[in-house]
Amino acid sequence: VQLQASGGGLVQAGGSLRLSCAASGRIFFSSNVMGWFRQSPGKEREFVAAVGLGGRSDHFADSVKGRSTISRDDVKKEVYLQMNNLTPADTAVYYCAAHPVRSVFYDMPDKVNDYQHWGQGTKVTVSS
């Protein structure tokens with residue numbers, strides 16, 4: 001399974017970015033909750049957002065809630081994170097991850113250990 005994140009870059013504070021993550025390999029993409037995490041130098045990897053099966057549910061960290069959206073395209077096997085009103089605190093490497101769902105009822109995972117597959121990350125730098 002490969003998860004390829006893209007869309008990072010340098011942006012000024014107040015700007016926006018749309019991150020993408022494309023899945024390939026042996027993955028039943030539509031059966032996975034897809035999540036985004038980020039990690040800043042010297043800090044632990046932290047949860048940002050997740051989108052449930054079919055895009056019918058989502059979950060955001062408080063730090064990005066209200067200024068971010070997450071969506072998925074199960075045909076293209078892609079997940080997207082739109083972040084607006086960026087601040088220097090959003091500077092980090094952003095990772096996408098996949099959590100296989102094995103039950104009709106599931107909680108939205110927001111822990112690193114909940115996710116089975118990880119991408120290589122895309123760097124986001126927000127200048128003040």
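Computation of the quantities below employed the complete heavy-atom set of this structure, encompassing side-chain atoms and omitting hydrogens, waters and symmetry-equivalent molecules. In this text the structure is predicted, and so the values were computed from the model without any measurement.
- We find the CG-CZ distance between Leu3 and Phe29 to be 8.0 Å, quoted to the nearest 0.5 Å.
- Partners of Ser24 according to the side chain to side chain donor-acceptor pair (under 3.5 Å) rule, which considers only residues two or more places apart in sequence or in another chain, are Gln2.
- Sorted by first then second residue, the salt bridge (Lys or Arg N to Asp or Glu O under 4.0 Å) pairs that include residues 101-112, not counting sequence neighbours, number zero.
- Residue pairs satisfying the side-chain hydrogen bond (donor to acceptor under 3.5 Å, both in side chains) criterion with at least one member in residues 113-128, sequence neighbours excluded, are absent.
- Taking Phe60 as the reference, nothing meets the ring pair (Phe, Tyr, Trp, His ring centres under 6.0 Å) condition, with sequence neighbours excluded.
- Other residues sharing the hydrophobic cluster of Phe28, ordered by chain and number and joined by side-chain separations under 4.5 Å: none, the residue standing alone.
- Shortest non-hydrogen contact noted between Asn84 and Ser16 is OD1-OG, 2.9 Å.
- Side-chain polar atoms of Tyr80 and Gln82 form no donor-acceptor pair below 3.5 angstrom.
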(Q) Evaluate Ser57 against Met108 for side chain to side chain contact (heavy atoms under 4.5 Å, CB included), listing each step before the verdict. (A) CA-CA 8 Å; Ser57 57; Met108 291 293 277; 3.7 Å; yes
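- Each salt bridge (Lys or Arg N to Asp or Glu O under 4.0 Å) pair with one or both residues in residues 43-53, not counting sequence neighbours, appears once here: Arg38-Glu46.
- Taken from OG1 in Thr69 to CG in Leu81, the straight-line distance is 7.0 Å, to the nearest 0.5 Å.
- Follow the hydrophobic side-chain contacts under 4.5 Å out from Trp36 and you never reach Tyr95; the two are in separate clusters.
- Ring pair Tyr106/His99: centre-to-centre distance not below 6.0 Å.
- Without hydrogens or angle criteria, Ser31 side chain to Pro100 main chain gives no donor-acceptor distance under 3.5 Å.
- Closest non-hydrogen pair, Val33 versus Pro109, comes out as CG1-CD, 3.8 Å.
- At least one donor-acceptor pair under 3.5 Å links the side chain of Thr91 to the backbone N or O of Pro88.
- A distance of 6.5 Å separates CG of Asn85 from CZ of Arg67, quoted to the nearest 0.5 Å.
- Here the straight-line distance linking atom CZ of Arg18 with atom CE of Met83 works out to 14.0 Å at 0.5 Å rounding.
- The CG atom of Asp73 lies 10.5 Å from the OG atom of Ser20; values are rounded to the nearest 0.5 Å.
- Note that the CG atom of Leu53 and the CG atom of Asn32 stand 8.0 Å from one another [nearest 0.5 Å].
- None of Lys76, Arg72, Lys77 except one satisfies the side chain to side chain donor-acceptor pair (under 3.5 Å) rule with Asp74; the exception is Arg72.
- Residues Val101 and Ser103 share a closest heavy-atom pair of CG1-O, 3.1 Å.
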Q: Let me see the working for Tyr94 and Cys21 under side chain to side chain contact (heavy atoms under 4.5 Å, CB included), right down to the final yes or no.
A: CA-CA 10 Å; Tyr94 284 72; Cys21 174; over 6 Å; no
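- For Phe47 and Phe37, the gap between ring centers is short of 6.0 Å.
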